[in-house]
2 protein chains.
Amino acid sequence: MGEVAATRERIVESAMRLFAVRGFERSSLADIAAAAEARGGSVYHFFRTKRELLEAVLETYLGALVPHIFEPAFARTADPIEQIFAVLADYRERVRTTEFTYRCPIGRLALEVAGEDPGARVLIDRNFAAWRDAVRGCLERAKTRFRPGTDFDALSAFVLTVMEGAVMQCVAEASIEPFDASIAQLRLFITSQLRKTKRS
Amino acid sequence: MGEVAATRERIVESAMRLFAVRGFERSSLADIAAAAEARGGSVYHFFRTKRELLEAVLETYLGALVPHIFEPAFARTADPIEQIFAVLADYRERVRTTEFTYRCPIGRLALEVAGEDPGARVLIDRNFAAWRDAVRGCLERAKTRFRPGTDFDALSAFVLTVMEGAVMQCVAEASIEPFDASIAQLRLFITSQLRKTKRS
DNA sequence: GTCTATAGGCCGATAGAC
DNA sequence: GTCTATCGGCCTATAGAC
C-alpha cells in the first residue's frame with residue numbers, strides 16, 4: 001500500500017462514484033476498472049463477485065461517515081442543533097452542485113439493491129443506523145433544551161427520513177427547492193419540540 | 001378492447017408490477033411479456049422502446065392515483081386530516097404485507113431512472129405533484145383548524161417527504177417500525193400546527 | 001499482481017412469416 | 001396483431017500467459 005494509491009482502493013473509489021451516479025446495475029465492472037485506471041480482469045483479483053465489491057463500497061462509506069460527513073459540519077458550529085442542520089446543508093450543496101446526479105449514495109442503493117441482496121441490506125442498514133446515531137448524539141448534547149420526554153431515537157430517525165424524502169423530490173423535480181422546503185418544515189418541528197424559554 | 005383484457009393493458013400491468021418489485025433495469029422485456037402471457041416480440045407492437053413502456057406505466061400510475069390510492073382511503077373517514085393518515089396507513093399495509101418488496105413504485109423509479117431519462121423524470125414529477133395536490137386538498141378542507149399563515153404547499157410536500165423517507169428505512173431495516181415511528185412524528189408535527197382549542 | 005482473451009448468458013431490438 | 005427466430009451488443013465471470 002501507499003504508492004499512488006493501491007489498485008484495490010482505486011477500484012473501490014471508482015465503484016463508489018459510479019454506483020452513486022449511475023446506480024449499481026448500470027455500472028459495469030469494465031467501466032469501474034477503466035475509471036480506476038485498471039483492467040477489467042483486475043477487479044476479480046480483489047473481489048470474487050460484483051456484490052463483494054458492493055459490500056466493500058458500503059463498508060467504506062460506513063468508515064467514512066463520521067470523519068467525512070459529520071466532523072466537517074460539526075467543526076463549523078458549536079451548537080448541537082445547528083450541527084445537524086450543517087450536515088443537511090452539506091447534502092444540499094452536494095445535490096445542488098452535481099445537479100441531482102450525486103445525492104445520498106446509500107439511499108439510492110437502499111431502494112435498488114437492499115430488497116434483493118441480504119448482505120448489502122445489512123450494510124445499508126448499518127450506514128443508516130450510524131447516521132441516526134450521530135444525529136442522536138447532537139440531540140442528546142442539546143438534551144436540556146428539549147421538552148422532557150422527547151424521544152431522541154424517533155427524532156433522529158425522523159431527520160434521516162426527511163433528508164432522504166427531500167432528496168428524492170429534488171431528483172424528480174430537478175430542483176433544490178423541495179429540499180429547502182422540507183428542511184424548513186423540519187426546523188419548525190424541531191423548534192416546536194424545544195422547551196418554551198424567554199427568547200426564541 | 002374488452003375481451004379478457006387487451007394485450008397492451010396486460011403488458012403495462014405486468015411492467016408496473018415488475019418495475020415496482022425488481023426495478024426498471026432488472027425487469028427484462030421477456031419477463032414482462034411472459035408475466036402478461038404474451039410473447040417477447042409483442043411488446044414491440046405497442047411500444048417502440050422499453051422507455052416508451054416505462055412512460056405508459058408512469059401515465060397509468062398518474063391516472064390511477066386518485067381512484068385507487070386516495071378515494072378508498074377518503075371513504076373510510078370524513079375527517080380531512082385523518083384522510084391523509086388513512087392514505088399513509090394503506091402504504092404501510094402494502095409495505096408490510098409484501099415484506100418490503102412492493103413499496104412506493106414511483107419513489108423507486110425516481111431514484112433509479114429520473115436522473116437519466118428526462119421524459120420519465122417529468123412523469124415522475126407529475127405523479128409526485130398529483131400526490132401532493134391531493135394531500136393539500138385535505139389540508140385545505142381542514143383550513144380553519146390550522147394556525148393562520150400555515151403553508152399548505154410546504155406541508156403537503158412534507159407529508160410526501162416523510163412517506164418516502166420512511167419507506168426507504170423500512171426497506172433497509174426489513175421492518176415496518178421506521179414507518180410507524182416517522183408517521184408518529186409527522187402526526188406530532190401536524191398537531192403542533194393546529195390552533196389551540198379546548199380539547200386535544 | 002497485472003493483463004489479455006474469451007467463455008457463456010442475457011438483453012433490447014429487428015425482420016418477417018402467418 | 002401475434003408469434004418465431006435471431007442479430008448484435010454488453011455483461012459478469014473465468015482461464016491462463018506474463
Side-chain angles (χ1 to χ4, degrees), chain A residues 1-58 108-109 112-120 123, chain B residues 1-58 108-109 112-120 123:
Chain A
M1 36 185 198
E3 313 269 308
V4 246
T7 305
R8 199 195 118 105
E9 269 180 61
R10 293 204 316 276
I11 290 170
V12 172
E13 277 164 25
S14 291
M16 289 173 80
R17 207 174 315 120
L18 280 167
F19 290 169
V21 172
R22 289 194 213 166
F24 177 75
E25 203 71 25
R26 293 177 115 98
S27 301
S28 77
L29 292 172
D31 287 347
I32 291 165
E37 292 185 61
R39 300 295 157 270
S42 297
V43 175
Y44 286 94
H45 192 260
F46 299 102
F47 308 98
R48 271 178 307 176
T49 63
K50 193 184 179 184
R51 293 196 160 180
E52 206 169 290
L53 172 58
L54 172 62
E55 294 191 2
V57 163
L58 290 168
R108 171 162 208 172
L109 290 170
E112 186 180 356
V113 307
E116 286 168 347
D117 184 332
L123 283 165
Chain B
M1 34 185 200
E3 314 268 310
V4 247
T7 305
R8 198 195 117 107
E9 269 179 61
R10 293 203 317 277
I11 290 170
V12 172
E13 277 164 25
S14 291
M16 288 173 79
R17 206 174 316 118
L18 280 167
F19 290 169
V21 172
R22 288 195 213 166
F24 177 76
E25 203 70 25
R26 291 177 116 99
S27 302
S28 76
L29 292 171
D31 287 346
I32 291 166
E37 292 185 62
R39 300 296 156 268
S42 297
V43 176
Y44 285 94
H45 191 260
F46 299 102
F47 308 98
R48 273 179 305 177
T49 64
K50 193 183 180 186
R51 293 196 161 182
E52 206 169 289
L53 172 58
L54 171 62
E55 294 191 3
V57 163
L58 290 168
R108 171 161 207 172
L109 290 170
E112 186 180 356
V113 307
E116 285 168 348
D117 185 331
L123 283 165

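Heavy atoms only: backbone and side chains are in, while hydrogens, waters and symmetry mates are out. Labels below follow one simple rule: chain letters A, B, ... track the order of the sequence lines, proteins then strands, and each chain is numbered from 1.
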**Q** Salt bridge check: are B:Arg26 and A:Glu25 linked by an N-O gap of less than 4.0 Å?
**A** yes

**Q** Main chain of B:Val21, side chain of B:Arg108: is a donor-acceptor contact present, judged purely on distance under 3.5 Å?
**A** yes

**Q** Applying the side-chain contact (heavy atoms from CB on, under 4.5 Å) criterion to B:Val57, which one of B:Val12, B:Ile32, B:Leu123 satisfies it?
**A**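 Of the listed options, the one satisfying the test is B:Val12.
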
**Q** For B:Glu9 and D:dG1, what is the distance between atoms CD and P respectively, to the nearest whole Å?
**A**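 In whole Å, D:dG1 P and B:Glu9 CD are 14 Å from each other.
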
**Q** Whole angstroms only, please: what is the NZ-C1' distance between B:Lys50 and C:dT14?
**A** 17 Å

**Q** Shortest non-hydrogen contact from B:Leu29 to B:Tyr44?
**A**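 That would be CD1-OH, 3.0 Å.
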
**Q** Would you find a donor on one side and an acceptor on the other, under 3.5 Å apart, between the side chain of A:Glu112 and the backbone of A:Gly23?
**A**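 Absent.
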
**Q** For DNA chain C, which residues in residues 11-24 of chain A have a heavy atom at a distance below 4.0 Å?
**A** none

**Q** Respond yes when some side-chain nitrogen or oxygen of A:Thr7 is under 4.0 Å from OP1 or OP2 of C:dT2, and no when none is.
**A**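 Yes, A:Thr7 has a side-chain N/O under 4.0 Å of OP1/OP2 on C:dT2.
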
**Q** Tell me, which of residues 27-47 of chain B have any heavy atom that sits under 4.0 Å from an atom in DNA chain C?
**A** B:Ser27, B:Ser28, B:Leu29, B:Tyr44

**Q** Mind checking the CZ-OG1 spacing from A:Arg39 to A:Thr7? Nearest 0.5 Å is all I need.
**A** 10.5 Å

**Q** How many Å lie between CZ on B:Arg48 and C1' on C:dG12, as a whole number?
**A** 15 Å

**Q** Would you confirm whether A:Arg8, through its side chain, and A:Phe47, through its main-chain N or O, come within 3.5 Å as a donor-acceptor pair?
**A**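 Judged by distance alone, no pair lies under 3.5 Å.
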
**Q** Taking all non-hydrogen atoms of both residues into account, name the closest pair between B:Phe19 and B:Lys50 and its distance.
**A**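 Minimum heavy-atom contact is CE2-CE, 4.3 Å.
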
